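Here is the structure we will look at.
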Amino acid sequence: ELLKPETMIDLIERAKPENVAIEYFGTNVTYSKLWEMARSVSNQLPIEKGDVVMVSTQNVPQFLILELSIWSKGGVVLPVNPSYSETELTFLARDSNAKLAILSCESNSPVGLNVIRTNPQTFGTIEWKVKECEDELDYSGEGGEVSRPSPNDVAVLMYTSGTTGRPKGVPITHANLYSSSLIYNRWFKFTEEDRVLGVSPFFHITGQVFHLTSSIMANSTVVMTYRFDPNSALRSIEESKTTVTMIVATAYRAMLKAYSGQDLSSMRLWSSGGMPVHRSLEEQWRARFGTWIYVAWGLTETTSPATLWPYPYDGKLPGDEIVSSGIPVYNTEIRVEDELLVRGPQVVKGYLNSEPFKDGWLPTGDVGEVRNGWVYVLDRKKDVIVTSGFKVMPREVEEVLLLHPAIEDAAVVGAPDEYRGESVIAYVKLKEGFKTNVEEIIGFCRTKLAPYKVPREIRFVNEIPRTDTGKTLRRALK
Ligand code: ATP
């Protein structure tokens, strides 16, 4: 069923006014209050239709208030990570031709842009120490006029995380946001009773869609906690009785480690995207909490979901060492070539200042295959190692390394090798108190991998470099 896409303004205007939209450290904000505050703020924004506004906050109510106020003036939200440096922010501001920046106290500022500051403590006392500053916005003033965007207008300009190169601007329309939110609503059976554990960064696509716009569409509540921390996430679940979430595998691992008996029985859906979920994590989670982690595959360019595990699912773990990322979501086509291609209503038309994708097919840069209808994302095309003409998927080797009892974390990359073209190198972080050595690890790999896939070298490190969403920064290791 293809519904006519609407804008986020249509959704907020239709939301049940008395339902609680946001819960934030003891403060509840209803949908009517949220919309009132957004219109008050929109009156104070010196922007016109189509203007790009950089917004840099952690997961605080202002993020959503600001988005709605920018959209109500027909503007485009450019969400950025508050931990970015001045240089990173300046690149994004220039590349996107932003007109204004609204920044949380703790955020650096881009050079040459008009800045408004907002304080994360305005709506509740948060438990983290943050830099103080005055909140320069008035949330209780007169509401401005609503300039109605159309579904094909750009709502969010989001940059890819840049694991394979320079971040690219992805113009996401209201229709894309609507389609993705509808996919999540229908697939995961959202209702207004749901309470979303809103701990994925809102400045990334899954935080934006799964946690915010899907929740608005369902008239449900999003519980915000400033930022992810395993202990506070576990506490929030118990205290706020949250029901659904989507977070990266790294966050699941952190929660498994920090778990100390909290009651998590209110959660009906644990899902994870953005990076592979390893078999070992699935098995540990299932053993402890009696449920699988529902895997999602998607990109910024697919406005989050491209494939999802069927829900509910009570079959066996799909896949061998590499766990399946699910089946294509509604109205979404997947083509397997030297990389996976995706087409669907949630897929953007093309990158900022570039040609549209050919016939609507997004080249994802991910290598994968489809078996019995299930999609397996094997690796990033750029990360595939070619050694003596054989192709090695670093993720497959990492999977094997993680099975070793002494290994906590691992990353595999190709290093230039005159003889073989590239050779397989593994970076390994050991578990505390465990001992092993290079020969032993290589011997272990030999029992589970074809000889050409076995790492030629093992390098011990204290930490595997990752992006803020937990993706392995193989580029940094190379
Ligand atoms: P760039 O494209 O600039 O290199 P990026 O790939 O990190 O950055 P994002 O849009 O943030 O850009 O992330 C999308 C990527 O995340 C996918 O292309 C894929 O490589 C990875 N990913 C997402 N979900 C999964 C999954 N279930 N399994 C494996 N990888 C996944």
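Heavy atoms only: backbone and side chains are in, while hydrogens, waters and symmetry mates are out. Both counts, for ligands and for their atoms, begin at 1 and track the order of listing. Just so it is clear, the model here is predicted, and its values are computed rather than measured.
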Is the closest side-chain heavy-atom distance between [X] and [Y] below 4.5 Å?
X	Y	result
Phe203	Gln208	no
Ile441	Ile407	yes
Leu100	Ile102	yes
Phe91	Pro110	no

Which residue and heavy atom of the protein sit nearest [atom], plus the separation:
atom	value
atom 27 (N) of ligand 1	Ala296 O, 2.8 Å
atom 25 (C) of ligand 1	Trp297 CD1, 3.5 Å
atom 7 (O) of ligand 1	Ser161 OG, 2.4 Å
atom 8 (O) of ligand 1	Gly162 N, 3.0 Å
atom 3 (O) of ligand 1	Thr160 OG1, 2.7 Å
atom 4 (O) of ligand 1	Thr164 OG1, 2.4 Å
atom 6 (O) of ligand 1	Arg380 NH2, 2.9 Å
atom 14 (C) of ligand 1	Gly298 O, 3.6 Å

Next on the checklist: More than 12 heavy atoms of other residues, nucleotides or ligands under 6.0 Å from NZ of Lys391: yes or no?
Outcome noted: no
Next on the checklist: List ligand 1 atoms under 4.0 Å from Pro276, heavy atoms only on the residue side.
Outcome noted: 28 (N), 29 (C), 30 (N)
Checklist outcome for this item: ligand 1 atoms nearer than 4.0 angstrom to some heavy atom of Thr300 are 9 (P), 10 (O), 11 (O)
Determine, using ring centers only, whether [Y] and [X] are less than 6.0 Å apart.
X	Y	value
Phe210	Phe202	no
Trp270	Tyr294	no
Trp361	Phe357	no

Next on the checklist: Going by the closest heavy atom to atom 19 (C) of ligand 1, which one wins out of Val295, Asp383, Val367, Asp366?
Outcome noted: Asp366
Item to check | Heavy-atom gap Arg395 to ligand 1 smaller than 4.0 Å | outcome: yes
Checklist entry - So is Gly365 close enough to ligand 1, meaning a heavy atom under 4.0 angstrom away? => result no
Checklist entry - Any donor and acceptor pair, going by atom type alone, linking the side chain of Ser324 with main-chain N or O of Gly326 inside 3.5 Å? => result yes
Next on the checklist: Using a 3.5 Å distance criterion without hydrogens, assess whether the side chain of Tyr259 forms a donor-acceptor pair with backbone atoms of Gln262.
Outcome noted: yes
Checklist entry - ligand 1 and Leu299, any nitrogen or oxygen pair closer than 3.5 angstrom? => result no
Checklist entry - So is there a nitrogen or oxygen of Gly274 less than 3.5 Å from a nitrogen or oxygen in ligand 1? => result yes
What part of [X] sits under 4.0 Å from ligand 1 if we count only heavy atoms: the side chain, the backbone, both or neither?
X	answer
Lys471	side chain
Ser325	side chain
Ser272	neither

Checklist entry - Do the rings of Phe188 and Tyr184 sit parallel, tilted or perpendicular, given the 30° and 60° boundaries? => result parallel
